[in-house]
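Notes to accompany the following structure.
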There are 2 protein chains.
Amino acid sequence: MKILVIEDEPALYESILDYFTGEGNICEHAVNFASASEKISLYNYDCILLDLGLPDGEGLELLTNLKNSKKKDGVLIISARHSLDDRLAGLDLGADDYLVKPFHLSELKARVSAIVRRKNFDGNNIITFNDINVDVVAMKTTVGKTEVGLTKKEFDLLVYFLSNRNKVVTKNAMAEHLWGDEMDLSDDFDFIYTHVKNLKKKLSEGGAKDYLRSVYGIGYKFSDQ
Amino acid sequence: MKILVIEDEPALYESILDYFTGEGNICEHAVNFASASEKISLYNYDCILLDLGLPDGEGLELLTNLKNSKKKDGVLIISARHSLDDRLAGLDLGADDYLVKPFHLSELKARVSAIVRRKNFDGNNIITFNDINVDVVAMKTTVGKTEVGLTKKEFDLLVYFLSNRNKVVTKNAMAEHLWGDEMDLSDDFDFIYTHVKNLKKKLSEGGAKDYLRSVYGIGYKFSDQ
DNA sequence: CTTCTATAACCAAAATTTTCATGGTGTAAA
DNA sequence: TTTACACCATGAAAATTTTGGTTATAGAAG
């Protein structure tokens, strides 16, 4: 994921950059209107984090320019101004979301992810892994040309595996992803085995190879070998 | 990976401990300044999770003491204080990151992993030693192009050897790192021999040279000669 | 009411970790 | 040099933990 951070306050942009870089994203950075404008026109970003209070220009103008071009980068406004007017002005001009300072980085991340998901699944909403195709919008899964009917949990599980292909996913992570905070992590979640088993069974009935391996003591890994 | 959780609120530290233990890590725990201070001085941790609001002392002092010693444990501050000043104070004293409560456990895990990666592997997921490659995220080990399947203890042992390459590691240090304080250090841990043997066997079956030498009366050394 | 889905409970199977017994090896002192 | 002894290596078996598969039940959806 590629992100542009437009922000002049060093303490803030450093922590944002560190954070998103640490998450494995590509981050760029602009401290003023001029360099931001140049970067926006030259490159494409999955999401632009835009601070409204820039030293040499009005941040909203960047947004106007962006929208006048054909670009479709996501825009998240971050600003200390918390009046409703500012908020509406930003959203009216086509920003995807608005976050008031100060905020938690995890909050910021959640918002950015939401924007990117919304944008990406709009056009290209199919995840592919060899002969497996998953349409996340139509919630349809095919192996080769045969469709396999998955339940919701099975589907979520598959999407999670596919977006973490070739990595070991722990059972904790699976539980947190599929069941969120409702699930007490000290509970046993043996029933994950049942969902995993059902998913494997349906995939193999559809004719897929056995991509999913268990990693003893840790979790699972979805990969080629 | 060995982690120390310094936190006095039972609900929170229990879920953190459950989570990280479930991920296959060694976790220890302190509820106050005194015991935290003792553990920090006696042992080494990959990462210390430090809550600033302790009942009997100022958490930041622990950080100061740690930095004054030669230790290089990673430190992640977790705190309810979300002012920028608090944040900067912690980072100025040498903390590696700062996370504001409340947070998601997966978020915490990501931060801890990032810290450990940065410290131990130059921010890289892959550790290399001649023909040996270890991907700590995919949990995959290869010698040349052949993959060798290691168990968790073997894997941890190898990672520990590789991050202490060309140094002699004592058996005590190995035991402490792989088993933490569940293991009474007065016990004999002869079974380390077994794990070492199994690791050596699998590596040599994969075609690796015999990099691991025992150092009589001390421990082992993983190196070229 | 019927059918499908999600969770629970249970036991069997598999993998890992630890224990144990035995013999070999390095070191230092006699 | 020899000897005693602690240390290390190894193989096999026991103990423990984790996973797989079956079946049962509750609850939602149709």
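Computed from heavy atoms alone, side chains included, the values below leave out hydrogens, waters and symmetry copies.
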To the nearest angstrom, the NZ-P distance between A/Lys153 and C/dT5 comes to 14 Å
Assign each of A/Tyr220 and B/Ile218 the nucleotide of DNA chain D bearing its closest heavy atom; nearer the 5' end lies the nucleotide of B/Ile218
Between CD1 of A/Ile192 and P of D/dG20 the distance, given in whole Å, is 12 Å
Any luck finding a side-chain donor-acceptor pair between B/Glu28 and B/Tyr45 under 3.5 Å? yes
Rounded to whole Å, the NZ-C1' distance (B/Lys197 to D/dC7) equals 17 Å
To the nearest angstrom, the CD-C1' distance between B/Glu154 and C/dT17 comes to 10 Å
Notebook entry, point to check: Reckon A/Lys201 has a side-chain N or O less than 4.0 Å from the OP1 or OP2 of D/dG20?
Noted result: no
Margin query: Side chains of B/Asp131 and B/Tyr211 only: does a donor on one sit below 3.5 Å from an acceptor on the other?
Written below: yes
Item checked: Phosphate OP1/OP2 of C/dT18: any B/Trp179 side-chain N/O under 4.0 Å -> yes
B/His195 NE2 to D/dT10 P, in whole Å, measures 15 Å
Between A/Lys202 and A/Thr194, whichever has its closest DNA chain C nucleotide further toward 5' is A/Lys202
Between CZ of B/Phe191 and P of D/dC8 the distance, given in whole Å, is 15 Å
Side-chain contact check for A/Thr151: nearest option of D/dT22, C/dT5, D/dC8 is C/dT5
- Query: Do B/Asn32 and B/Asp8 have side-chain N/O donor and acceptor atoms under 3.5 Å apart?
  - Reply: no
key: Distance-only donor-acceptor test, A/Tyr216 side-chain atoms vs D/dT17 base atoms, 3.5 Å   = yes
Rounded to whole Å, CG of A/Asp190 lies from P of D/dT18 at a distance of 11 Å
| Is A/Glu154 reaching over with its side chain to a backbone N or O of A/Thr151, donor-acceptor style, under 3.5 angstrom? | yes
When rounded to whole Å, the NZ to C1' distance for the pair A/Lys171 and C/dT7 reads 15 Å
Heavy-atom side-chain proximity of B/Phe161 to B/Leu212 below 4.5 angstrom: yes
#### Entry: Below 4.0 Å: OP1/OP2 of D/dC8 and any side-chain N or O of B/Tyr193
yes
